[in-house]
Amino acid sequence: MNFMADSWNTDTGEAVYRSRDAVKNLRIRVRIEKVTSTAVLSQHLQQQVLSQKDRGDIELETLTSRGQTGDNEEELVVGWQEKLFSQYEMELFQSEAACQIPLDRQYHTEVKALIKSKGRRNRRIFTYTDHDRYTSCLPFHQLHSTDLLTTTKSSPTFLAERMASVRHRRQDRRTMDCSIPKSKIVNWEPTEEFVKSSHVVNNAMQTMHIMGDLAPPGRLGQKDNEYLLVTIKTDGSGTVIVKPDFNKGKEPYRIVTAGEKREVWRLTVENVCTAMQPEEQEREQNMYKDLYVRHKEYLSSLVGQDFEMPPAGILRYLMNGEIVSAKGFEYDNLYIHFFMELPNNWSSLPFQSLSGVTQTCRAKTLGKENVAFFSYPFSFEAFYMSEKESEESVLQWPVIYFKVLSLDSWQRYRTEGYGYLLFPAMPGKHTITCHTWRPLQTGTGSALRRFFIGGSLELEDHSYVRIPGTFKGERLSRFGFCTETTGSVTFNLHCLQQARAFVDATMLKKRRQKVFDQLGGFSQQGAVCTILEAFQRARRKMHEARESLPRDLVNTTSQLQMESSA
């Protein structure tokens, strides 16, 4: 008989669902049925009867009654973490002497109640809850060679088989991670209890296993005949993983038992959760919407409605910088000392640090140069307030002065170079490389002193790198000052400028134009605005002049132009 040769569901991968409902409401119908020649023939005849319209119901009922095999099939509806005892557990927990942990004593009480009431509703299908640690009880071959759950064909090693044989139920063991096919996301209809999910969270995962005792009649209760039917996992936040997936009208799964007979069983898994009524679903949606609105209002209350703005007439400058690298210096183990200089009309917060020192960094050879990568971050915030209203005032930007030094194993330090960096006038990201120099004293003695004992000429005033702060003249002479070009330092700067003048539409045009001119980064925008305003004024004056002329003069001029063109 080959009626059922190809009617099997071979897609045994796990399916991932997302649920807003509590997982305790999950209900699954599990049906197992032994495949025999009588059952196959009965099903084939039933299909033939159903395909013939002239047959009656009596013949169909007769065939159905003949096809029932009693102990060869079972169907149960199982809830989440519902404990159904197997025949082995019923015999084990009858004796109070076998109970060693609180869970065993609880099972002993439940088993006694079941025996007294004779209310056990299962025979072959049973469950292992999250507290049972069922993996320690299963034979090793069923975890790795079951036709239903896995696709791996590797055989266990000798040591693995010996370790599996000494496991005991009551010992606390970790659940083994069986090899499983790649997960698939199953699309359920939004009207059902579960909705499609593309995100799986694996923290605090709880597991439930539905098992089947597929032993021949009279041999129930032996551990070798227990087979894993369905695995259900949840992370407590709405993600539910089912392996294998629900049949949903597809063919049943196939289970082939071990041993000489290798019996074949059919497995059908269906979702029988109670569907929500439209009224309940609408009420739930409204509840979630109200919750989301309240949460949004709460976040808005924390942030506030007003955008943070500096006071009127003040420019706020924010800089998030990074000292990226330094290269081209004579000695290794470099570090950089830097500080900020604020010109007139600039200020900073009281707790703002105006200086800093990087870590000591060993250079790395890249190509023909030695590069020291610092990746040292720093941040700075300054405020500019103009006190004079004269047009001659020019905005001076803050300056970063820095000095590169080296340190050897004898704690001798040497000055490797000086440099400076102006705050960028344009906001945004800037990558700037600054070249450095150091004072040079001619003669062999200074070179020997620098090599053997360290130390070198240093600047008393670091602002001498650019323009000294004490200089009051018109021309700065450095005649006779000997220097030597050294390496370079690279900076990454992220700058932000904020002022009310940029967004305040009620400001006078002259004042706004002055702010644009003073903020050198916006001089181009200011020039464009000036040109457009001048063009509009000239056009308006031309129309006024044309309308003020007498009509006779306008007509005469038009006639003369026409005659000259002719």
Side-chain angles (χ1 to χ4, degrees), residues 319-343 353-378 380 396-408 411-425 429-443 446-451 453-471 476-495:
M319 174 189 289
N320 290 323
E322 176 191 9
I323 302 178
V324 180
S325 61
K327 65 179 180 179
F329 293 96
E330 183 179 1
Y331 287 90
D332 201 353
N333 296 326
L334 303 176
Y335 66 96
I336 300 177
H337 180 209
F338 62 96
F339 67 93
M340 318 288 180
E341 182 187 59
L342 299 178
S353 177
L354 299 180
S355 63
V357 181
T358 68
Q359 76 277 10
T360 302
C361 184
R362 180 175 297 177
K364 178 182 179 181
T365 302
L366 290 180
K368 297 182 179 180
E369 294 182 337
N370 295 328
V371 184
F373 293 95
F374 295 97
S375 299
Y376 182 85
F378 65 91
F380 187 75
Q396 299 291 333
W397 296 99
V399 186
I400 302 177
Y401 293 102
F402 61 90
K403 177 172 65 172
V404 183
L405 302 101
S406 62
L407 186 68
D408 61 11
Q411 300 300 314
R412 296 175 298 189
Y413 73 92
R414 302 173 177 85
T415 300
E416 299 295 333
Y418 291 90
Y420 74 93
L421 172 66
L422 277 175
F423 277 33
K429 179 183 177 182
H430 305 272
T431 300
I432 303 175
T433 299
C434 301
H435 298 276
T436 61
W437 54 266
R438 66 177 180 88
L440 178 64
Q441 186 178 6
T442 59
S446 61
L448 292 174
R449 183 169 55 253
R450 173 179 170 85
F451 178 81
I453 64 175
S456 58
L457 296 178
E458 299 183 14
L459 297 178
E460 294 183 358
D461 184 5
H462 288 185
S463 63
Y464 192 78
V465 178
R466 184 172 173 257
I467 300 177
T470 57
F471 178 72
L476 176 63
S477 176
R478 289 191 171 94
F479 181 75
F481 184 70
C482 297
T483 62
E484 180 183 7
T485 301
T486 54
S488 61
V489 180
T490 302
F491 294 83
N492 275 340
L493 305 177
H494 298 267
C495 306

**Student:** Would you say the side-chain atoms of T433 pair up with the backbone N or O of T490, donor to acceptor, closer than 3.5 Å?
**Tutor:**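 Side chain of T433 to backbone of T490, a donor-acceptor pair under 3.5 Å: no, none is there.
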**Student:** Under 6.0 Å between the ring centres of F491 and F338?
**Tutor:**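 Judged by ring-centre distance (under 6.0 Å), F491 and F338 do not meet the cut-off.
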**Student:** Begin with the C-alpha distance, continue with both residues' side-chain angles, and end with the deciding distance and a verdict on side-chain contact (heavy atoms from CB on, under 4.5 Å) for F374 and L334.
**Tutor:** CA-CA 9 Å; F374 295 97; L334 303 176; 4.0 Å; yes
**Student:** Under the 3.5 angstrom rule, does the side chain of T486 hit a backbone N or O of T436 as a donor-acceptor pair?
**Tutor:**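 Pair found, side chain donor or acceptor close to backbone of T436.
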**Student:** Give the minimum heavy-atom separation between L366 and F373, together with the two atoms involved.
**Tutor:**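 Looking at all heavy atoms of both residues, the closest pair is CD1-CZ, 3.4 Å.
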**Student:** Which heavy atom in L493 sits nearest to a heavy atom in G321, and how many Å separate them?
**Tutor:**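 For L493 versus G321, the nearest heavy atoms are CD2-CA, 3.9 Å.
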**Student:** Drop me the distance from R438's CZ to T483's OG1, to the nearest 0.5 angstrom.
**Tutor:**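 It is 10.0 Å, given to the nearest 0.5 Å.
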**Student:** Considering all heavy atoms of both residues, which atom of P398 and which atom of P343 are nearest to each other, and what is their separation?
**Tutor:**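 Looking at all heavy atoms of both residues, the shortest contact is CA-CD, 3.7 Å.
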**Student:** By side-chain hydrogen bond (donor to acceptor under 3.5 Å, both in side chains), which residues pair with S488, not counting sequence neighbours?
**Tutor:**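 Partners of S488 by the side-chain hydrogen bond (donor to acceptor under 3.5 Å, both in side chains) criterion come out as none, since no residue qualifies.
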**Student:** Classify the ring geometry of W437 against Y418: parallel below 30°, tilted from 30° to 60°, perpendicular beyond 60°.
**Tutor:**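 W437 and Y418: tilted rings.
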**Student:** Hey, what do you get for CD1 (I400) to CZ (F378), rounding to the nearest 0.5 Å?
**Tutor:**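 Output value for this atom pair is 4.5 Å.
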**Student:** Is the shortest side-chain heavy-atom distance between S406 and E330 below 4.5 Å?
**Tutor:**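 The answer is no, as the side chains (C-beta and beyond) never meet within the 4.5 Å cut-off.
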**Student:** List the residues meeting ring pair (Phe, Tyr, Trp, His ring centres under 6.0 Å) with Y464, not counting sequence neighbours, and say none if there are none.
**Tutor:**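 Once residues adjacent in sequence are excluded, the partners of Y464 under the ring pair (Phe, Tyr, Trp, His ring centres under 6.0 Å) criterion are F481.
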**Student:** Does CZ in R362 sit with more than 12 non-hydrogen atoms of other residues, nucleotides or ligands closer than 6.0 Å?
**Tutor:**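 For R362, atom CZ is not crowded (no more than 12 foreign heavy atoms under 6.0 Å).
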**Student:** Any chance you could lay out the side-chain contact (heavy atoms from CB on, under 4.5 Å) test for V465 and K403, step after step, and finish with the verdict?
**Tutor:** CA-CA 10 Å; V465 178; K403 177 172 65 172; over 6 Å; no
**Student:** A side-chain contact here means heavy atoms from C-beta on lying under 4.5 Å apart; do P377 and N320 qualify?
**Tutor:**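 In short, these two side chains do not touch, never coming nearer than 4.5 Å.
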**Student:** Mind running side-chain contact (heavy atoms from CB on, under 4.5 Å) on V371 and K364 for me, showing each step along the way?
**Tutor:** CA-CA 5 Å; V371 184; K364 178 182 179 181; 5.6 Å; no
**Student:** For the residue pair V399 and S463, establish whether any side-chain heavy-atom pair is separated by less than 4.5 Å.
**Tutor:**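 No; the side chains remain at least 4.5 Å from each other.
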**Student:** Just verifying a value: how many Å separate T415 OG1 and R450 CZ, rounded to the nearest 0.5 Å?
**Tutor:**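 Separation between the atoms: 7.5 Å.
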**Student:** Heavy atoms only: give me the nearest S375-E322 pair and the separation to one decimal.
**Tutor:**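 Closest approach of S375 to E322, heavy atoms only: CA-OE2, 3.4 Å.
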**Student:** Say whether, by atom type as modelled, one donor and one acceptor occur between the side chain of Y376 and the main chain of I336 under 3.5 angstrom.
**Tutor:**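 Checked: no pair found.
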**Student:** Under a 3.5 Å distance rule, please check whether D332 uses its side chain to pair with a backbone N or O of A363 as donor and acceptor.
**Tutor:**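 Yes, the answer is positive, given that a donor and an acceptor are paired below the 3.5 Å cut-off.
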**Student:** Show your reasoning for whether side-chain contact (heavy atoms from CB on, under 4.5 Å) applies to L342 and F380.
**Tutor:** CA-CA 11 Å; L342 299 178; F380 187 75; 3.7 Å; yes
**Student:** Not counting sequence neighbours, which residues clear side-chain contact (heavy atoms from CB on, under 4.5 Å) with Y413? List them please.
**Tutor:**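 By the side-chain contact (heavy atoms from CB on, under 4.5 Å) rule, Y413 matches Y335, L405, L407, E458.
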**Student:** Say you draw a straight line from OG of S325 to CD of E369; how long is it, rounded to the nearest 0.5 Å?
**Tutor:**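 So the gap between those two atoms works out to 10.0 Å.
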**Student:** Does a donor on one side chain sit under 3.5 Å from an acceptor on the other, for Y331 and E416?
**Tutor:**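 No.
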**Student:** Looking at every heavy atom in both L421 and C434, which two are closest together, and how far apart are they?
**Tutor:**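 Closest heavy-atom pair between L421 and C434: CD1-SG, 3.8 Å.
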**Student:** To the nearest 0.5 Å, tell me how far Y420 OH sits from Y401 OH.
**Tutor:**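 So the OH of Y420 and the OH of Y401 are separated by 8.0 Å.
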